[in-house]
Protein chains: 2
Amino acid sequence: MRHSFGSYIRERREHLQKSNPRAFTLRGVSREVGLEPSYLSKIERDTQPPPSEETIKRLAAVLGEDGDMLLAMAGKISTDLKEVICRRPQLFGQLLRELKNQPDHAVLRLVREVRDGEW
Amino acid sequence: MRHSFGSYIRERREHLQKSNPRAFTLRGVSREVGLEPSYLSKIERDTQPPPSEETIKRLAAVLGEDGDMLLAMAGKISTDLKEVICRRPQLFGQLLRELKNQPDHAVLRLVREVRDGEW
DNA sequence: GGTAGTGTGTCCTACATACTCCACACATGA
DNA sequence: TCATGTGTGGAGTATGTAGGACACACTACC
């Protein structure tokens with residue numbers, strides 16, 4: 001992983017700040033997300049571990065980032081995905097371990113297969 | 001889910017106890033797993049929430065159960081699977097949400113496809 | 001030269017997690 | 001009858017999680 005959670009958030013926020021200097025200050029974003037500025041500051045500098053799943057999702061929404069990806073950078077998985085797996089743990093466990101070392105395009109092909117119903 | 005985590009553990013342990021009365025007492029298993037008997041007792045009666053991932057895995061080994069399944073009953077996912085997903089969160093997120101409502105046999109077919117390299 | 005807005009440092013807290021420790025009551029066989 | 005083994009009850013503890021409160025220093029503006 002090239003970026004830690006915090007440094008990525010900071011980079012993204014500062015990027016957005018370039019085209020909208022007033023809204024995307026640390027204080028602006030923290031207000032929007034519903035956090036204390038000092039807390040977000042510590043998160044962005046990786047002083048503090050990443051926040052909770054819910055907070056990460058709100059943060060993703062405000063920054064226009066993908067929730068699953070941000071959660072992954074925090075080492076977490078969305079509860080709705082967790083439920084999918086927990087409902088059929090052996091089945092999906094097997095599938096995921098099988099796909100672990102497959103290249104992206106192979107997995108993607110599978111996704112399309114299922115979606116387009118080619119079976 | 002027909003069973004809670006605790007009641008399932010208890011049932012499985014008592015089943016094994018039938019063919020091996022000395023080894024599969026609550027105290028015997030708790031010693032094997034490395035827990036206090038009172039703690040395991042509370043877990044089996046769902047007084048206490050399920051234990052940690054590591055403990056669940058040791059418990060699964062002692063009881064001859066599938067780790068992923070026991071973890072799932074506790075609402076958890078093995079860290080190795082978590083890592084697989086966190087490495088490519090969007091890809092696997094998409095796949096899992098696509099497969100969420102597919103029947104078992106369809107998913108199983110996918111598993112076999114990948115394993116047998118039919119592509 | 002105040003004041004408004006920026007990020008940051010330090011301390012604190014409430015709650016959850018993952019257990020242990022010790023005492024107890026009951027049953028069982030020697 | 002008494003030591004031994006069984007499950008259980010209640011209390012306590014250590015560590016982690018998820019933040020909040022508040023003061024501070026710097027900058028820019030009027």
Side-chain angles (χ1 to χ4, degrees), chain A residues 4-60 62-63 67 70-71 73-79 82, chain B residues 4-60 62-63 67 70-71 73-79 82:
Chain A
S4 64
F5 180 84
S7 66
Y8 183 77
I9 294 297
R10 166 144 299 188
E11 190 195 88
R12 286 291 81 199
R13 183 177 63 78
E14 288 182 341
H15 178 76
L16 291 171
Q17 202 172 11
K18 284 176 194 165
S19 50
N20 198 335
R22 310 294 300 175
F24 290 99
T25 68
L26 188 146
R27 283 179 127 93
V29 170
S30 69
R31 187 173 339 102
E32 206 70 24
V33 177
L35 295 175
E36 285 296 308
S38 66
Y39 183 42
L40 182 56
S41 167
K42 279 170 276 188
I43 290 171
E44 286 193 350
R45 287 168 298 124
D46 298 301
T47 298
Q48 199 88 16
S52 69
E53 177 182 344
E54 291 314 311
T55 300
I56 290 177
K57 283 179 177 171
R58 290 201 307 278
L59 200 49
V62 171
L63 297 179
L70 247 52
L71 282 169
M73 297 187 82
K76 308 189 186 217
I77 292 174
S78 188
T79 44
K82 221 179 281 188
Chain B
S4 64
F5 180 83
S7 67
Y8 183 77
I9 294 297
R10 167 144 296 188
E11 188 195 89
R12 286 290 81 199
R13 183 177 63 77
E14 289 181 339
H15 178 76
L16 291 170
Q17 202 173 10
K18 283 178 195 165
S19 51
N20 198 337
R22 311 293 299 176
F24 290 99
T25 69
L26 187 146
R27 282 178 129 93
V29 170
S30 70
R31 186 173 340 103
E32 207 71 23
V33 177
L35 294 176
E36 287 295 309
S38 66
Y39 183 42
L40 182 56
S41 166
K42 279 169 272 192
I43 289 170
E44 286 194 348
R45 286 168 299 123
D46 299 300
T47 298
Q48 201 86 18
S52 70
E53 177 181 344
E54 290 315 311
T55 299
I56 290 176
K57 282 179 177 171
R58 291 202 307 279
L59 200 50
V62 171
L63 297 180
L70 246 54
L71 283 170
M73 297 188 81
K76 306 187 189 221
I77 293 174
S78 188
T79 44
K82 222 180 279 190

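In what follows, chains carry the letters A, B, and so on, assigned in the order in which the sequence lines appear, proteins first and then strands, with residues in each chain numbered from 1. Below, all heavy atoms of this structure are taken into account, side chains as well, without hydrogens, waters or symmetry copies.
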*Looking only at side-chain N and O atoms, does Arg13(A) come under 4.0 Å of OP1 or OP2 in dT6(C)?*
no
*For the side chain of Ser52(B), starting at C-beta, report the closest nucleotide among dT8(C), dA18(D), dC19(C).*
dC19(C)
*Nearest-Å distance for atom pair CD1/C1', residues Ile43(B) and dG9(D)*: 15 Å
*Rounded to the nearest angstrom, tell me the gap between atom CG in Leu40(B) and atom C1' in dG9(D).*
15 Å
*Got a sec, which residues hit salt bridge (Lys or Arg N to Asp or Glu O under 4.0 Å) with Arg58(A), two or more places apart in sequence or on another chain?*
none
*Toward the 5' end of DNA chain D, which comes first, Gln48(B) or Phe24(B), by nearest nucleotide?*
Phe24(B)
_Can you tell me if Arg45(B) touches the phosphate of dG7(D), counting only side-chain N or O atoms and a distance under 4.0 Å to OP1 or OP2?_
no
*So, is Ser41(B) close to the dG7(D) phosphate, meaning a side-chain N or O under 4.0 Å from OP1 or OP2?*
no
*Mind checking what makes side chain to side chain contact (heavy atoms under 4.5 Å, CB included) contact with Gln17(B), not counting sequence neighbours?*
Arg13(B), Glu14(B), Phe24(B), Thr25(B)
*When you get a sec, tell me which of dG19(D), dT8(D), dA18(C) is the closest nucleotide to the side chain of Thr55(A)?*
dG19(D)
*Nucleotide dG19(D), atom P - distance to CZ of Arg31(A) in whole Å*: 18 Å
*Leu35(B) side chain reached by Val29(B) side chain, heavy atoms, under 4.5 Å*: no
*Arg22(A) has an atom CZ; how far is it from atom C1' of dA4(C), in whole Å?*
10 Å
*What's the CG-C1' distance between Leu35(A) and dT17(D), to the nearest Å?*
14 Å
*asked:* Check the phosphate of dT17(C) against Lys76(B), side-chain N and O only, distance under 4.0 Å to OP1 or OP2. Yes or no?
replied: no
*Atom pair CG (Asp46(A)) and CZ (Arg10(A)), whose distance is rounded to the nearest 0.5 Å*: 9.5 Å
*Among all residues two or more places apart in sequence or in another chain, which pass the side chain to side chain donor-acceptor pair (under 3.5 Å) test with Ser78(B)?*
Lys57(B), Asp80(B)
_From CG of Asn20(A) over to P of dT6(C), roughly how many Å is that when rounded to an integer?_
12 Å
*For each nucleotide in nucleotides 21-30 of chain C, reading 5' to 3', give B when a protein heavy atom comes within less than 4.0 Å of its base, S when such contact involves only the sugar-phosphate, and - otherwise.*
BB--------
_Please report the distance, rounded to the nearest Å, between CD in Glu44(A) and C1' in dG9(C)._
16 Å
_Set of residues satisfying side chain to side chain donor-acceptor pair (under 3.5 Å) with respect to Tyr39(A), sequence neighbours excluded_ = none
*In whole angstrom, give the distance that lies between atom CZ of Arg10(B) and atom P of dG7(D).*
8 Å
*For Ser7(A), enumerate each residue passing the side chain to side chain donor-acceptor pair (under 3.5 Å) test, keeping only those at least two apart in sequence or located in another chain.*
His3(A), Ser4(A)
